[in-house]
Each structure stands twice: as structure tokens, then as C-alpha cells.
There are 2 protein chains.
Amino acid sequence: MERSPITRRSRGTGRVRIEDVARAAGVSTQTVSRFLRAPAQVGPEASARIAAAILEVGYVPNLVAGSLASNRSRIVAIIVPTLANPVHAQPVQGLSDALRPQGFQVLVGTTDFQAETEAALIHAFIGRRVDGLAVTGGSFAEPSRQLLEAAGTPVVQLWELPEQPFDMTVGLSNAAIGARMAAHFAERGYRSLAVIGHAEASDTRSAGRVTGYCAEAKRLGLADPLVLLPQRPMLIRDATPLLDRLVIQGVEAVFCTSSQLSVVLLLNTRRLGLAIPSDLAIGGIDSDFATLVDPAITAIRVPAYDVGLKAGRLLLRRLAGEPVPERRIDTGFTFIQRGST
Amino acid sequence: MERSPITRRSRGTGRVRIEDVARAAGVSTQTVSRFLRAPAQVGPEASARIAAAILEVGYVPNLVAGSLASNRSRIVAIIVPTLANPVHAQPVQGLSDALRPQGFQVLVGTTDFQAETEAALIHAFIGRRVDGLAVTGGSFAEPSRQLLEAAGTPVVQLWELPEQPFDMTVGLSNAAIGARMAAHFAERGYRSLAVIGHAEASDTRSAGRVTGYCAEAKRLGLADPLVLLPQRPMLIRDATPLLDRLVIQGVEAVFCTSSQLSVVLLLNTRRLGLAIPSDLAIGGIDSDFATLVDPAITAIRVPAYDVGLKAGRLLLRRLAGEPVPERRIDTGFTFIQRGST
DNA sequence: TGGCGCACTGTTAACGCTAACATGAAGCAG
DNA sequence: CTGCTTCATGTTAGCGTTAACAGTGCGCCA
């Protein structure tokens with residue numbers, strides 16, 4: 001069985017390689033590689049010739065090959081439920097801004113709130129050998145945990161502050177948000193409180209806010225707040241019955257745990273002839289529209305951009321091999337008093 | 001110069017490789033590779049043993065190595081100005097949804113409207129050997145064009161409809177949007193029109209809408225609309241002087257070229273005692289809040305999600321080697337009449 | 001003057017996968 | 001039974017880079 005000598009078709013991509021640069025500059029490929037990754041290690045004449053050669057031949061380094069050889073991809077992935085909601089899109093922006101200066105790129109995956117999609121994304125991202133991963137929410141399924149542990153990929157959870165994070169976490173306390181609003185209402189002299197949350201059990205964020213709000217009301221000696229949990233997302237026509245209910249119950253101040261809710265509510269008070277805040281005080285979560293309505297809405301601003309930014313910085317520190325003393329970062333939140341309370 | 005035999009430290013990552021699966025299943029690595037990429041080519045017994053072996057040894061394919069060998073990364077990149085604005089975040093979601101089922105991942109880059117950042121991102125993405133690229137807006141700088149042409153990467157431009165796209169494009173005509181609103185106003189009997197746009201020259205979107213609006217007004221024999229181009233982004237306190245101006249000039253209907261603008265304007269009409277639409281009709285661009293105000297705002301909905309989705313499908317067709325007859329896709333837009341006109 | 005360290009550059013062998021080609025067995029028409 | 005095709009699988013040689021190691025030459029100090 002004689003084998004014919006190399007007649008095999010070349011697999012080359014025809015693109016400029018590091019070798020072409022090396023030849024044009026009269027150095028070895030390794031020197032070119034060093035020039036790109038650690039310029040300080042390369043002498044001035046060689047640097048000048050390499051820089052010229054790169055422009056001359058039009059070289060764009062193949063980062064895929066580099067990743068394979070170095071076992072570092074310089075890619076960080078982020079998993080969010082959806083990009084349609086700015087509260088989830090902003091952390092992606094923050095992460096991207098933190099990482100870009102260091103030459104990292106961001107892979108995004110959206111789950112549409114499906115746990116199995118999240119698991120599939122984690123699998124795919126580990127396959128891509130991402131250097132780090134940011135995941136919205138607090139809990140992964142067991143196979144994902146094992147996968148991540150086996151891969152040793154640094155992971156940051158976003159928005160949650162579990163006592164024992166899986167690896168690292170950046171978030172804030174929703175209970176503290178609720179408590180802060182309750183304390184504000186108490187301070188302003190409102191005695192009869194209510195809160196409108198979200199019925200879906202998976203929305204732990206809203207649930208935490210409701211819990212913190214009620215706990216603080218109790219601690220301050222107020223009556224138990226009226227807790228309303230509409231089933232559906234809030235629409236404009238749902239506002240009137242809700243408001244009726246609040247008025248009938250003699251509620252003086254209401255906290256809406258989502259940003260849209262407070263705006264919808266406020267826009268509908270006028271129809272019922274309610275004066276804000278004298279007949280009813282409204283507190284909510286901040287958004288662009290909280291300041292557009294009249295009166296502007298007292299609100300708590302959650303630092304969505306910061307969550308991503310700080311997650312990115314945490315990952316960078318870890319990837320640089322620096323110690324990360326604080327594996328659990330509380331971003332806090334901002335309370336903004338406006339006319340509605 | 002005798003060289004000592006292999007004492008070199010292994011560079012292996014210690015992770016499970018395709019070879020481990022092959023050994024456990026009693027087949028060659030190539031068969032495992034085929035099982036993963038083209039299962040139909042692998043016999044049933046071998047398939048069963050490979051599937052079992054993968055679970056047994058906990059194999060996660062290294063897609064970086066695969067990309068290098070096959071020269072296909074199964075990554076598509078998208079460049080947007082910012083993710084803070086839903087109109088730009090939505091196409092990312094659409095692209096992601098179109099590509100995920102086919103095993104593609106999405107790399108996002110944000111430019112913050114800086115041309116040089118865009119160029120740097122394009123360079124980095126080509127270095128990553130992305131299989132396709134979606135870019136917001138119509139024009140790249142010359143070095144980027146050359147880079148993209150040399151790399152042969154399929155490119156979709158988003159939001160624009162140039163006569164001669166660089167490669168492919170998915171967008172809509174802003175002039176048509178303006179014209180549609182002008183036609184609507186004319187049809188409803190409004191004779192004295194105005195438009196509030198955006199002064200920044202880089203905002204070609206707003207400029208196109210203004211142009212189309214005025215052209216259609218002229219075509220319909222109406223007087224030239226009053227064109228207002230506020231310098232700053234619209235704040236609540238800017239609304240009153242603008243409204244004053246509209247009233248003084250006897251304007252009957254105004255078109256706001258951005259979504260927030262129309263809401264701000266409408267929310268401020270009440271203070272001035274203006275009745276909508278009898279004293280002033282307001283048309284705008286759709287957003288969540290267009291239906292929350294009273295009256296709800298007649299608006300044009302731009303299909304941001306669809307722009308990304310269709311861009312993704314276009315790229316997929318191209319990457320599958322299918323012919324792409326329509327390199328220029330007009331997504332159109334939706335006109336929604338509500339109470340404000 | 002010799003020895004040592006430092007700065008710079010070069011050589012070799014992976015990294016983990018897949019394209020291209022090869023092989024062998026089975027099917028099948030003539 | 002021959003020659004041809006098809007199917008399933010194996011073998012070989014990269015893909016383009018970087019880690020690890022090996023010089024080489026120079027300056028500096030004892």
C-alpha cells in the first residue's frame with residue numbers, strides 16, 4: 001500500500017498569518033507574538049520593524065488559535081432573562097464597559113426565563129472556554145453547578161446576595177428596599193400602608209421587597225400593610241379597581257414594587273379625583289418616567305448598570321490572579337424623594 | 001548540542017478531551033467528532049456507545065479547538081451604540097433568538113456612539129473569526145471596510161436602507177415614517193402641522209423622519225410644517241416653552257420623532273389647559289408608555305426586535321451557503337391610531 | 001578577567017479538534 | 001461473480017497560535 005506523497009489539498013485559509021509578519025520583519029513568530037501580547041519584552045528596533053510589517057501585510061491576529069494555545073479566551077459570558085427589559089440589558093452594558101478596556105469581549109445569552117435554556121447556555125459557554133461567567137439570579141440546576149465547578153470558571157451571580165454564593169455575587173437586598181420605603185412612609189406620617197407586588201412566585205425580587213416592607217412596618221409599630229398581588233402584568237385598565245380598593249381600605253401610602261406599576265397607578269388617580277400625595281402617597285422603583293409624571297414619583301433607584309460594572313471588575317481581578325477579598329458585593333440603592341409622597 | 005528527551009512540562013489542561021470519549025466508546029476520535037456534528041453519519045451501535053461514553057467521562061467539546069480546525073466559529077457579533085436604550089437592545093435579542101437554535105452564540109459590542117470604538121470592535125471581532133457581523137447604522141470607516149472585505153465576513157447593517165448596501169441590510173425608511181404621519185394628519189383634517197425632531201446631525205434617523213414628513217406635507221398641498229429641533233434631550237421643563245410656541249403659531253397637529261418626546265409633551269398639555277386632540281393633536285413613536293397616558297398616543301411602531309431577528313435569518317441563510325436573493329430587507333413599520341389624533 | 005544576571009530572541013512541541021483522504025464491508029445491477 | 005456505489009469508520013496532517021525552554025550577547029561587578 002504505497003501512499004502517494006503529499007497531494008492533499010491545503011486547509012490554509014489564505015489569510016495573513018503571524019508567520020507572514022515574522023518573515024516581513026525578519027524575526028521569529030514568537031517575537032511577533034510577544035510584540036502583540038507583551039510589547040515591553042521586545043527590543044525597540046524589532047518592535048518598529050514588526051509594527052511596520054503588521055501594517056504592510058495587513059495582519060489581524062487569529063484569536064481563536066491564540067485561545068487554543070494559551071487556554072485563555074478573553075471572552076466573558078453573561079446570561080440574562082431578556083434584553084427587552086432595560087433592568088437586564090443595563091448590566092450587560094456595565095459588564096461590557098468594564099471588560100472592553102482589558103481586551104475582553106462579551107458573549108450574551110438570553111434565557112427568556114427558561115431554566116433549561118440557561119443550562120444549555122452554560123454548557124455552550126463552557127465549551128467556548130469562556131474566562132468568566134455572569135449569571136442573572138441565584139440558583140443553577142445541579143448539572144450546571146457540576147459543570148462550572150469542573151471547568152473552574154469564575155462565576156458572578158447578579159442581583160442576589162445569598163449568604164453562601166456559588167462563587168462570587170453582586171447584588172442588593174430587596175428586603176432592604178422594601179424596608180427603606182416603609183421607613184420613609186412612617187417618617188412622613190403615613191400610618192395606613194399598602195404594597196402592590198407581583199404574584200408570580202418566581203419573582204423573588206418583588207417577594208423580597210414585599211417581605212422587607214411588611215417587616216419594617218411591623219417593627220415601626222404600624223398596622224400590617226395591605227398586600228396586593230395582581231396576577232397579570234399591570235395594564236392600564238387594571239389600575240382603577242386597584243385604586244378603588246386602596247381608597248375603600250383607607251390606605252394612605254402605597255409602595256409599588258415595579259417601576260411601571262407606580263406610573264400606571266399615578267396616571268389613573270386623576271380620573272378618580274385623587275390628589276397626590278394628600279389623598280394617596282405613591283412610592284415606586286425609579287425609571288425614566290418617574291420624573292415625567294406630575295407629581296414626580298418618589299422612588300428607589302436600583303443600580304442596574306453598576307451591577308454589571310462591578311461584576312466585570314470582580315471577574316477582572318480574579319482573572320488577573322489577584323485575591324478577591326469580597327466575594328459578596330452589596331451595591332446598595334438610592335432613595336429619591338419626589339412629589340408623590 | 002544534545003537535546004535531553006522530553007522533560008518538557010505538559011501543557012494539557014487536564015480536562016476531558018474527545019480522545020477520552022473515543023477510548024471509552026472504542027471508536028476513533030473522528031467518529032466521536034462526527035457523532036457531535038453530523039449524527040446521521042454514525043451507525044446506531046457506535047452512536048449509543050458514544051452517547052454513553054460522553055456522559056460517563058463528562059465531556060464538553062472544546063469549541064475553540066473546533067473553530068480553529070474547521071475555520072468556523074459559530075459566533076455572530078453585533079455592534080450597537082448602547083444597550084441602555086431598548087431600541088438598540090431589542091435587535092440583539094432578536095438576533096440571539098434567531099441564532100441560538102442553530103447553535104450560534106452572540107458577541108455584543110457597544111460603541112457609545114464612538115466611531116473609533118466601532119472600528120476597534122470590528123478589528124477584534126474579525127480577530128475572533130466571527131462567522132457574521134451585524135452593525136447598527138450605515139457607514140463604516142475605510143479601514144473597517146477593507147478589513148471586512150479581506151476577511152469575507154458576511155455583514156448586515158441594521159436600521160438603514162442604503163441603495164447600495166455594503167453587503168446586506170435590514171431596516172426601514174425613516175422618510176416613509178414621517179410621510180405616513182403627515183398623511184395621517186392630513187386625512188384627519190389637520191392643516192397646520194409641526195414636527196419636533198432632534199438637532200444632532202448624527203441622528204440621521206430623526207432627520208430622515210423630519211424630511212419625509214415635510215415632503216409629504218408639501219405633496220399634499222399643506223403649508224410647510226413648523227420644524228423644531230431642540231438642542232438637548234427633551235426634559236420635562238422643556239415641554240412648556242415648546243407647547244407655548246406651538247399654540248402661538250396655531251399648530252393643529254405635531255409629530256414627535258422620538259418616543260419619549262410625545263409622552264413628555266402630552267403630559268404637559270394639561271397644565272396649559274390644552275385639550276387633546278381638539279386643541280392639539282400629537283403623534284409619536286410607540287413605546288410602552290404611549291398607551292399609559294390619557295389619551296393614548298397615536299404612534300408608529302418600529303419593529304426593533306424584528307430588525308435583529310431578520311438580520312439573524314439573513315446571516316443564517318448566507319452561512320448555510322444558500323443564495324440570499326434579497327440583500328436589502330425593508331421591515332416596514334406599524335401605524336397605530338389612538339386617542340391623541 | 002571571569003562569572004553572573006539580564007534583556008532579548010529563537011526553537012520545538014503542543015493546544016484539541018476537524019478536513020481530507022483511505023479503507024473495508026455490504027449492497028446491487030448486469 | 002465482477003465492478004461499482006454506498007455506508008461506516010479509520011488515519012494523517014494540519015488549523016495558527018503560544019508555553020516552555022534554550023540560547024546569545026552585553027554590561028557590570030568582584
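Here is how names work: the chains are called A, B, and so on, in the same order as the sequence lines, proteins then strands, and each is numbered from 1.
Applying the 4.0 Å criterion to OP1 and OP2 of D/dT18, one finds that A/Arg72 has every side-chain N and O outside that range.
Legend: residues meeting side chain to side chain contact (heavy atoms under 4.5 Å, CB included) with A/Ala311, ordered by chain and number and at least two apart, are A/Leu95, A/Val156, A/Leu158, A/Val170. For B/Arg72, the side chain to side chain contact (heavy atoms under 4.5 Å, CB included) partners are B/Ser70, B/Arg74, B/Asp131, not counting sequence neighbours. With sequence neighbours left out, the side chain to side chain donor-acceptor pair (under 3.5 Å) criterion links B/Asp306 to no other residue. When the side chain to side chain contact (heavy atoms under 4.5 Å, CB included) test is applied to A/Ala65, the partners found at least two apart in sequence or on another chain are A/Asn62, B/Leu68. For the side chain to side chain donor-acceptor pair (under 3.5 Å) test, residues two or more places apart in sequence or in another chain that qualify with A/Thr31 are A/Ser28. For A/Gln105, the side chain to side chain donor-acceptor pair (under 3.5 Å) partners at least two apart in sequence or on another chain are B/Arg128. The salt bridge (charged side-chain N to carboxylate O under 4.0 Å, His left out) check on B/Glu322 picks up B/Arg317, with sequence neighbours excluded.
To the nearest angstrom, C1' of D/dA19 lies 11 Å from CG of A/Asn71. B/Glu45 has its CD atom 14 Å from the C1' atom of C/dA25, to the nearest Å. One interatomic measurement links the two molecules: CD1 of B/Ile50 to P of C/dC17, which rounds to 14 Å at whole-angstrom precision. A straight line from CZ of A/Arg128 to P of C/dG16 spans 17 Å, rounded to a whole angstrom. Across the protein-nucleic acid pair, B/Glu19 atom CD and C/dA14 atom C1' stand 13 Å apart, rounded to whole Å. Per the geometry, CZ belonging to A/Arg17 stands 7 Å off P belonging to D/dC15, to the nearest Å. If you measure from atom CZ of A/Arg23 to atom C1' of D/dG16, you get 14 Å, rounded to the nearest angstrom. In this structure, B/Gln41 places its CD atom 12 Å from C1' of C/dT18, rounding to the nearest Å.
Of all the residues in residues 24-38 of chain A, A/Val27, A/Ser28, A/Gln30, A/Thr31, A/Arg34 reach under 4.0 Å from DNA chain C with at least one non-hydrogen atom. Within residues 57-69 of chain B, the residues that have a heavy atom under 4.0 Å from DNA chain D are, in order of number, B/Leu68, B/Ala69.
Side-chain atoms of A/Thr110 and B/Gln93 include a donor-acceptor pair closer than 3.5 Å.
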Output side-chain donor-acceptor pairs under 3.5 Å for residues 33-40 of chain B, partner residues at least two apart or in another chain, one line each.
residue: B/Ser33; atom: OG; partner: B/Arg37; partner atom: NE; Å: 3.0
residue: B/Ser33; atom: OG; partner: B/Arg37; partner atom: NH2; Å: 2.9
residue: B/Arg37; atom: NE; partner: B/Ser33; partner atom: O; Å: 3.4

Can you give each donor-acceptor pair under 3.5 Å made by side-chain atoms of residues 84-91 of chain A, sequence neighbours left out, with the distance rounded to 0.1 Å?
residue: A/Asn85; atom: OD1; partner: A/Val87; partner atom: N; Å: 3.0
residue: A/His88; atom: NE2; partner: A/Arg205; partner atom: NH2; Å: 3.4

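Salt-bridge annotation for B/Glu149 and B/Arg145: absent, with no side-chain N of the basic residue lying under 4.0 Å from a carboxylate O of the acidic one.
In the helix from C/dT1-D/dA30 to C/dG30-D/dC1, the terminal helix axes, each the rotation mapping four pairs' C1' atoms onto the next four within five end pairs, subtend 30°, rounded to 10°.
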